[in-house]
Amino acid sequence: MALQVVTANRLGDGRVVFLADGYRWVEEIGLAHVGDTDEAAKALLAIAEKAAADRIVVAPYLIGVSAEDDRILPTRYREVLRALGPSSHPEFGRPPSATAAVHR
Amino acid sequence: MYRYDNYDQTLVDERVQQFREQVQRRVAGELSEDEFKPLRLMNGLYLQLHAYMLRIAVPYGTLSTVQLRKLAEIARRYDKGYGHFTTRQNLQFNWIRLEDTPDILAALASVEMHAIQTSGNCIRNVTADHFAGVAGDEIEDPRIYCEIIRQWSTFHPEFSFLPRKFKIAVTGAPQDRAAVKVHDIGLRMHRNEAGEIGFEVLVGGGQGRTPVIAKTIRPFLPKRHLLSYLEAILRIYNQLGRRDNLYKSRIKILVDSVGIDRFTQLVEEEWQQIRDGYLDLPVAEIERIRGFFAPPPYRTLDAPVPEYEGALRRDVRFARWVRTNVTPHKRPGYAIVTLSLKPTGGIPGDATDAQMDAIADLADRYGFGEVRVSHEQNLVLPDVAQADLYELWKLLETLELATPNVGLAGDIIACPGLDYCALANARSIPVAQQISKHFSDLTKLLDIGELKIKISGCINACGHHHVGHIGILGVDKHGSEFYQITLGGSADENASIGEIVGPSFGATEVVDAVETIIDTYLHVRADGERFLDTYRRIGLKPFKEKLYAAH
Amino acid sequence: MPLIRATGLVDDPWLFVQDEEPLPEAGAVIVTLARWQANRDQLAARPTPLGLRLKSDQPPSLIAGDIERFDIIALEFPKFTNGRAYSSARLLRERYGFRGELRAVGNVLRDQLAFMRRCGFDSYEIPPQVDAAAWLSSLGGISVVYQPATDERASALTLRHGAPEGQGRGDARAHSRDPVAPTRSTTTRVG
């Protein structure tokens, strides 16, 4: 089962955000709305593209995630760095709790 | 250094206003991201992994202390309290907000700085020797011509939408500290037989996917023809450079595909049409700009300097620092000091706002208010009296700017890599940190001698790995970070592109691989041979054998 | 497509005839290079004004000998990132002495107008539904220019030191030909 979330950068400040419920954009990947089917993922992306057109975010796209141990973690390392911050400056990133999945 | 007149200041001020309006139009939806992107790139604003990154131009790597303090202020106010000096002598801030950028640009304009054309398919920062004006072997200060080229290339209406980015470097000394041979256009100042100073013009050098050493298009170009000749080269490139493939768009591809002879012919034909006309460089402008690079009010000092000589004898650690981080100055009694931004285990090229402020103070106290940025990601205090060196060194130590590793294996050049850069395939900073920690023994570092290790996180080669004595290129293999090693690159007047040593190494194997390479060198080097010399003598094979012996 | 000049939004008296369309017997038409090369004599014999449209990979040298035949040359920007036409424009004006209307067509962006003007363009096809007045306000660009180009503007270089030797006032552009005359108005030719 391929799980996906939508990620983008916020237009105003460039920060990494994830699409959560209710058309919200959040910085913690754990709060992201996880699409568990292709259709669900496509629907999320459509919402995100509207947000891009509305100048909230820039260039949204889907990323694969895993949801084990109540944590949402991207499968690609590049996306882990985006979600948690640069490994070279842990003080500028987000704590591991950012990956804690929030059950709806 | 160059000071803006009314024209220069008006240009940057209006550009700030123009960009402010462009941001407003973007936020209001009149500009799509596709339309806005080239505009923000022409102001050096990238969207990277975590935030916007702003690349600020430091023309030919020269900063006044006023400017450096303003950069510190911007780091504090608009970023996370630090900046990163790059391999093109610029400064990058990694955590910028789009909405702050117009104010940041206004702050920069107030100290005669900008971020114009530090990105985009246009002519970028014109770089130079970081020892310009003070090096003993210098023929003429290249920064005079860098400034002239900077102005000519700024908002050049014909060359703002080139096939790809365009990088120019100028050296004014026979020892090339500006890496001109790996630039799109390299200019090497020298004297002809009549004793006149002019430029050897080289074209088509570059790194990236297809590293190439530049070729000579004109052995001697008189100064007055500088701009018309550059215009001819750019015009041929603008017309004929490929636009169908991002990876085949640099001028080096064009030069290679038509051949240097044909390329030279095309340029010369165009140049014949435009030479001796309105692009002739007036002597008056050369002299006007030369005036800004006049020597500062040096005191007449005797060398040797007793206090300095005494300290060298007394303090072994001071002597070690002098040996690596201090370079002879052309004026007796003065010295050039390189501030190492490569503390053991640190992030190469990074400086905090506190360090920037402190360096500005030191440049005022122990110099003439000027700081240089080198393309090897260190800073330079160009005019320190030898009598002041000991005091200065003690202060630099407290600031962690005195690691005695300049030019040694600990003086690593690394791009920001996957930790920051949207283009990267692998991280480069942790590799640099690991190598730095592994080779932290200063005695060992000195024994190894001159060794330039350069790390890039992707094929774009912003870490200049192709011209590292040891080059390391991060690649993505099946979703994991691997590192390909090259050997024998060099960016100086005997430029060479490194050769790939073999299959890439995993993240946990790289440091051992580098150690094996260095050990191989240590075992076979002849007396006084640097790593590069040994490599050029014995070739790739001995290193390859040792590295892959287990397989 | 709306058309602007330095004076403002203007009507377009020209008809661009695609290669596959039949040519009207008379009237001001713009044709492609391919059509010009295939029907040169027939086109040259037309009693009404003639224009040419060049693609970005068609250098002006191809029509150097025929410059006088065209009252307008339109240069294509297939994508705004493709800047070949800036060079073509400058060559048409400065090398080949083209005095007719030089029009920028294709993917033209508001923030490029000032560059285009400096390269010798004098009319610009802009997307429909944009604010033409706003676009026009960008035509002047920044008030200081560092380098001489095709336009009349004195560069900072000149302002600091006066014109280079052998030139007239300001930055004359065509040193091997007569200075560029003001753009000939097409309204006298087009009914």
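Just so it is clear, the structure is predicted and the values come from calculations on it, not from any experiment. Lettering follows sequence order; numbering is per chain, from 1.
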Query raised in the report: In residues 38-46 of chain A, which residues are in contact with chain B at a heavy-atom separation under 4.5 Å?
Result: none
Query raised in the report: For the side chain of B/Asp79 and the backbone of B/Trp95, is there at least one donor-acceptor N/O pair under 3.5 Å apart?
Result: yes
Report task. Report the option among B/Gln48, B/Arg26, B/Met53, B/Arg427 that has the most heavy-atom pairs separated by less than 4.5 Å from atoms of chain A. Result -> B/Arg427
**Report entry** Residue part contacting chain A, namely of B/Asp100, when any heavy atom lies under 4.5 Å
**Finding:** neither
**Report entry** Heavy-atom contact with chain A under 4.5 Å, split by part of B/Ala422
**Finding:** both
Query - Winner by heavy-atom pair count (cut-off under 4.5 Å) against chain A, out of B/Glu99, B/Arg97, B/His50 - result: B/His50
**Report entry** Spacing of A/Arg78 atom CZ and B/Leu418 atom CG [to the nearest 0.5 Å]
**Finding:** 7.0 Å
Query raised in the report: For A/Val16, is it the side chain, the backbone, both, or neither that has a heavy atom closer than 4.5 Å to a heavy atom of chain B?
Result: both
Query - SB check B/Asp357 B/Arg76 (cutoff 4.0 Å) - result: yes
Query - Donor-acceptor pair, side chain of B/Glu481 and main chain of B/Gly474, under 3.5 angstrom - result: no
Requested in this report: Please state whether the side chain, the backbone, both or neither of B/Ile347 comes within less than 4.5 Å of a heavy atom of chain A.
Outcome: side chain
Query - NZ/A/Lys50: more than 12 non-hydrogen atoms of other groups inside 6.0 Å - result: no
Query raised in the report: With chain A, which of B/Val23, B/Leu47, B/Ile96, B/Asn425 has the greatest number of heavy-atom pairs at distances under 4.5 Å?
Result: B/Leu47
Report task. Sort out for me which of A/Ala52, A/Gly93, A/Gly14 touches chain B most, counting heavy-atom pairs under 4.5 Å. Result -> A/Gly14
Query raised in the report: Are there more than 12 heavy atoms of other residues, nucleotides or ligands under 6.0 Å from atom OH of A/Tyr61?
Result: yes
Query raised in the report: Counting heavy atoms not belonging to B/Glu21, are there more than 12 under 6.0 Å from its CD?
Result: yes
Query raised in the report: Which atom names give the shortest non-hydrogen contact between B/Pro348 and B/Gln377, and what distance separates them?
Result: CB-OE1, 4.0 Å
Report summary line: Taken to the nearest 0.5 Å, the spacing of B/Thr118 OG1 from B/Leu41 CG works out to 8.5 Å
Report task. State plainly whether the residues A/Arg15 and A/Glu27 are in salt-bridge range, i.e. N to O under 4.0 Å. Result -> no
Requested in this report: Kindly check if the number of other-residue, nucleotide or ligand heavy atoms within 6.0 Å of NZ (B/Lys165) is above 12?
Outcome: yes
Query raised in the report: Heavy-atom distance under 4.5 Å to chain A: side chain of B/Tyr52, backbone, both or neither?
Result: both
Query raised in the report: Which answer fits B/Phe36, side chain, backbone, both or neither, if we ask what part of it has an atom under 4.5 Å from a heavy atom of chain A?
Result: neither
